[in-house]
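Keep in mind the model is a prediction, meaning the values are calculated, not measured.
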Amino acid sequence: MKKLDYRNQALKLFPWVCGKCGRDFSGKNLRELTVHHKDHNYRNNPPDGSNWELLCIYCHDNEHSRNLDAEWLPSLDSETENTVTTTHSPFKNLNTLVQGGKKKKKE
C-alpha cells in the first residue's frame with residue numbers, strides 16, 4: 001500500500017481523533033492527523049488497520065522522539081543500580097538530633 005492509500009484507509013476505519021491526546025479533527029485541520037505504525041515499520045500496512053493509530057502531528061513527533069531518546073540514554077545495569085552516587089546526606093544525623101532533643105525535654 002502506498003502512503004496515501006493507507007492514510008485514506010485509516011481515515012475510513014478510525015474516528016478522526018488523536019489516539020494520545022484525544023483532540024478532534026475535521027475540515028482543514030484534518031491534515032494534522034497522521035497515521036502512526038504501532039510497530040514502527042511503515043511497510044507493515046495490514047488492510048484491517050491493526051498496525052495503525054491516528055495521532056496528531058505533535059503526539060506523533062513525541063512518540064518517535066521518545067524512541068530516539070531511549071536509544072541515547074544509558075541502559076540500566078545491575079552494577080550501576082547498586083552504586084551510591086551521592087556523597088552528601090543532609091539527614092544523616094537527624095535521628096541523633098531528634099533523640100537529643102527528647103532527652104533535653106525530659107530533664
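- The two residues R31 and R7 make their nearest non-hydrogen contact at CA-NH2, 3.8 Å.
- Distance CG/N8 to CG/L13: 11.0 Å, rounded to 0.5 Å.
- The shortest side-chain heavy-atom distance between L11 and V35 does not fall under the 4.5 Å cut-off.
- Closest of all the heavy-atom pairs between W52 and Y6 is CZ2-CB, 3.3 Å.
- Contact detail for P47 and Q9: the closest heavy-atom pair is O-NE2, 3.7 Å.
- N51 places a side-chain N or O within 3.5 Å of a backbone atom of D39 that can act as its donor or acceptor partner.
- In terms of heavy atoms, H37 sits closest to N44 at CD2-O, 3.4 Å.
- No donor-acceptor pair closer than 3.5 Å links the side chain of R23 to the backbone N or O of L33.
- The hydrophobic cluster containing F14 also contains L30, counting ILVMFWY residues as joined when their side-chain heavy atoms lie under 4.5 angstrom apart, directly or transitively.
- Taking CG of L54 as the reference point, atom NE2 of H60 lies at 10.5 Å (rounded to 0.5 Å).
- Considering every non-hydrogen atom in both W16 and S26, the closest pair reads CE3-CA, 4.2 Å.
- For the atom pair NZ (K38) and OG (S50), the distance works out to 7.5 Å, reported to the nearest 0.5 Å.
- Between atom OG1 of residue T34 and atom NE2 of residue H64 there is a gap of 7.5 Å, rounded to the nearest 0.5 Å.
- Nearest approach of C56 to F25, heavy atoms of both residues: CB-CZ, 3.4 Å.
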